[in-house]
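Heavy atoms only: backbone and side chains are in, while hydrogens, waters and symmetry mates are out. If you're wondering where the values come from, they're calculated on a predicted model, not measured in any experiment. Labels below follow one simple rule: chain letters A, B, ... track the order of the sequence lines, proteins then strands, and each chain is numbered from 1.
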4 protein chains.
Amino acid sequence: MRVKDENKQQAIISATIALVNEIGFASSSVSKIAKQAGVSPATIYIYYKNKEDLLVSTYVTIKTCLGDALMADFDASLPVEDALMNTGVNLFNYISANSELFYFKEQFANSPYNDLVDKAKVEAAFLPLFDVLQQSVKDKIIKDVPFELIFSHLYYPIFGLANPRLNPDFKATPDNVRAVMSMAWDAIKL
Amino acid sequence: MRVKDENKQQAIISATIALVNEIGFASSSVSKIAKQAGVSPATIYIYYKNKEDLLVSTYVTIKTCLGDALMADFDASLPVEDALMNTGVNLFNYISANSELFYFKEQFANSPYNDLVDKAKVEAAFLPLFDVLQQSVKDKIIKDVPFELIFSHLYYPIFGLANPRLNPDFKATPDNVRAVMSMAWDAIKL
Amino acid sequence: MRVKDENKQQAIISATIALVNEIGFASSSVSKIAKQAGVSPATIYIYYKNKEDLLVSTYVTIKTCLGDALMADFDASLPVEDALMNTGVNLFNYISANSELFYFKEQFANSPYNDLVDKAKVEAAFLPLFDVLQQSVKDKIIKDVPFELIFSHLYYPIFGLANPRLNPDFKATPDNVRAVMSMAWDAIKL
Amino acid sequence: MRVKDENKQQAIISATIALVNEIGFASSSVSKIAKQAGVSPATIYIYYKNKEDLLVSTYVTIKTCLGDALMADFDASLPVEDALMNTGVNLFNYISANSELFYFKEQFANSPYNDLVDKAKVEAAFLPLFDVLQQSVKDKIIKDVPFELIFSHLYYPIFGLANPRLNPDFKATPDNVRAVMSMAWDAIKL
DNA sequence: GATGAATGAGCCTTCATTCAT
DNA sequence: GATGAATGAAGGCTCATTCAT
């Protein structure tokens, strides 16, 4: 049996991301993606079941990378404030270095395709973070509110600010990044 | 000469919002929208130049309503904390009562169509809010950071939480709402 | 009863001719013609039964004018050669002064709409010419061949030469015109 | 990989010609042509960039065949009169045997699509004929007038006569054909 | 595995025409 | 008489997907 060509698959993923970012989700047809990737439309169907599978898979891959980046070197033994600050800085750094991936993710997450994603799988990376937060609540270090509130203040500001569509003029300087995270900490700390 | 039927235009807008929310942005074809609205596809082109115009116009209308709702009864003479709290509560109330509009707006704002919107026009409603915040910075009541940071902590958590796609389980109870806004205030206050 | 507006009808005819000449027969829709004429599409249906009627009527009008022009001052008492020469010069002059009409006519005559035209009506103007030719055959001045052959040599060269689509570089100078007709005479004379 | 089906392309061309001849240029939609050819509308776009390309390509093919037929066995060493007579007979024969092609060509040449054709390419076949005529002018055998005049008398009568739309009753009998060409010769000879 | 050919369904838009004023 | 609103049908074309090689 011949082996799937890793380069070809990567070319398809890159083409998908680039094209969706450039001309948008709805206009990105399979044949345009194929052309951009330098393969035949039929080839895409060797790697993915259909268009939906291609898009969802690409999204899941990105989301996983993003989760891993955010949690890189996560140290539960640090003071919570510092541990969280690290995740924010990590997130900003990753987004800055991989803006294409982030941009795609935002567009996808707000499209109906998002409903097809297995949330649990995508959120697995954050479990250690959950634990730390849970403990911090018990220790009366952070506010005792539903987790969604904590998360919404921790990361939604970052997502919004890093999105050039929403904030075309925002610059993710180290100062700005630390300021955002510091404000987030003020929001959630007791 | 026949006169333009106001009901017809409203039916088209409603159909657009309902359909986009139901089956998504990319799948909502002009003829499906027409069918849902109970008019001929051709009729849509009497009211809108093309599909893009229909979608963008609908978005701008919604965005304007949202801005107006958020700023309703805005009272610059109140303590900032209270004035801001009011905007948050207004926003939540409006979203709760008009989830369809909000849902459409979120999907639109993260699609490439968003680039076609005249931002200045849409942001006009918020000018009084800008002024109050600016003064509060001078009065050393809130932090002296770029405005985008302030806004990102004030409203992005709400947008995220209110989005059933992102937080299907969140309930906008008065307690939760006040908690979110209170956290936002902690984030931005000096 | 209100009276039909002569100016309006003329505007419609002019618009039809101009538009058909510019963008072609198939692309000239009723609403485009209406816009060019400065009237409502519905107005056209007051003057003409439908699109076909508009086009055919316009053609018949033009064709009649052309026949009249060609036969203007036709003098059966002149020597045939001179009488024919006059028709050719007349034709050239008319075409030069009314190229728009001629251009429309050529396009129409080679379209399937042509089949809808009542030929007899259009050819009525030429009857005196037929008579003269018939007599000339009897007098053994011109060749005894089917009339179509005579006509084909008398006027098709002119039609072809005067058509900028077929002969973009031809100039209808008096010299050229006389040369063409002189050649035509050589073709048909005995 | 599947290979392009030559039969399919030929079916498309034949369908185009047949349909255009039957219902006319403007009414011949791509999907009607596809149906007539027994293929999917989308298939046509594999062979041609768009409708315009389909029509123009078909025309150029026909025009080339016609030029080749007219010039078949062209013998520059014959007396001009005979050489020209041969071209006329060739032309008539070809038209008689391929009236469909001729009919299409006439309709096309008088439509605005004609402007899209590369004239030089289409006229290449006639170069030997040009040479002979040029020499005959020098030899004072034919009249010294612009070439367009010569051509207009040589072939436009044929085109007109062979066109059933213009001359529904004309029969291209050998006698008639020789008569037309003989008249043409009288027109151009010195 | 990889491909370009092939397709029916559907896209957005405009059509010729009629309606209500 | 004159009009812009309204429409079902059809326009050219592209879609996601499968086929044959």
Side-chain angles (χ1 to χ4, degrees), chain A residues 1-5 8-9 12 26-35 38-55, chain B residues 1-6 8-9 26-35 38-54, chain C residues 1-5 8-9 26-35 38-54, chain D residues 1-6 8-9 26-35 38-54:
Chain A
M1 179 191 83
R2 250 189 262 177
V3 123
K4 286 185 185 175
D5 184 337
K8 216 153 270 196
Q9 169 139 37
I12 293 171
S27 304
S28 297
S29 69
V30 172
S31 49
K32 281 182 195 159
I33 292 172
K35 186 169 287 176
V39 302
S40 163
T43 305
I44 290 181
Y45 288 83
I46 295 171
Y47 294 89
Y48 301 96
K49 216 171 61 211
N50 51 32
K51 188 187 181 183
E52 178 183 306
D53 184 27
L54 164 63
L55 294 172
Chain B
M1 171 189 81
R2 213 188 272 183
V3 92
K4 271 189 190 175
D5 185 339
E6 192 63 43
K8 214 152 273 192
Q9 169 141 33
S27 304
S28 296
S29 70
V30 171
S31 60
K32 282 181 194 160
I33 292 172
K35 187 167 288 176
V39 301
S40 161
T43 303
I44 289 181
Y45 289 85
I46 293 173
Y47 294 87
Y48 301 96
K49 218 171 61 224
N50 51 32
K51 187 187 182 185
E52 177 184 307
D53 184 28
L54 165 62
Chain C
M1 180 191 81
R2 252 187 263 177
V3 124
K4 286 185 185 176
D5 184 338
K8 216 153 269 195
Q9 169 140 35
S27 304
S28 297
S29 69
V30 172
S31 49
K32 281 182 194 159
I33 291 173
K35 185 169 288 176
V39 302
S40 162
T43 304
I44 290 181
Y45 288 83
I46 295 170
Y47 294 88
Y48 301 95
K49 218 172 59 209
N50 51 32
K51 187 186 182 183
E52 179 184 305
D53 184 26
L54 164 63
Chain D
M1 169 189 84
R2 215 189 269 182
V3 93
K4 271 189 190 173
D5 185 338
E6 193 62 44
K8 214 151 273 192
Q9 168 140 35
S27 305
S28 297
S29 69
V30 171
S31 59
K32 282 182 194 158
I33 292 172
K35 188 168 287 176
V39 301
S40 162
T43 304
I44 289 182
Y45 290 86
I46 294 172
Y47 294 88
Y48 301 96
K49 216 169 65 226
N50 49 33
K51 188 188 181 184
E52 176 184 307
D53 184 28
L54 165 63

>> Taking side chain to side chain donor-acceptor pair (under 3.5 Å) as the definition, give me every residue that meets it alongside C:Y48, ordered by chain and number, with sequence neighbours left out.
In response: C:Q9

> Below 4.0 angstrom from OP1 or OP2 of F:dG12, is there any side-chain N or O of D:K32?
Replying inline: no

>> Check this one for me: any side-chain N or O of D:S29 less than 4.0 Å away from OP1 or OP2 of F:dG12?
In response: yes

>> Pick the closest DNA chain E nucleotide for B:S40 and for C:E52 by heavy atoms, then say which residue is nearer the 5' end.
In response: B:S40

> Under a cut-off of 3.5 Å for both distances of each Watson-Crick or G-U pair, what dot-bracket string does DNA chain F give, using [ ] for crossing pairs and | for inter-strand pairs?
Replying inline: .||||||||||||||||||||

> Within the pair C:S31 and E:dC15, is there a side-chain N or O less than 4.0 Å away from OP1 or OP2?
Replying inline: yes

> When the nearest nucleotide of DNA chain F is assigned to C:A42 and to A:K51 on a heavy-atom basis, which residue is associated with the more 5' position?
Replying inline: C:A42

>> Show the nearest heavy-atom pair for residues A:S40 and A:A34, with the distance to one decimal.
In response: C-CB, 3.8 Å

> What residues in residues 43-50 of chain B put a non-hydrogen atom under 4.0 Å from any atom of DNA chain E?
Replying inline: B:Y45, B:N50

>> I want to confirm an ordering. Mapping B:G38 and C:P41 to their closest nucleotides on DNA chain F, which one lands closer to the 5' end?
In response: C:P41

> Which residue lies toward the 5' end of DNA chain E, B:R2 or D:K8, if each is placed at its nearest nucleotide?
Replying inline: D:K8

>> Can you give me the closest heavy-atom contact between A:L54 and A:I44, atom names plus distance?
In response: CD2-CG2, 4.2 Å

>> Can you identify which nucleotide, out of E:dA16, F:dT17, F:dC15, has its nearest atom closest to the C:V30 side chain?
In response: E:dA16

> Taking atom P of F:dA6 as reference, at what distance in whole Å does atom CD of B:Q9 sit?
Replying inline: 10 Å

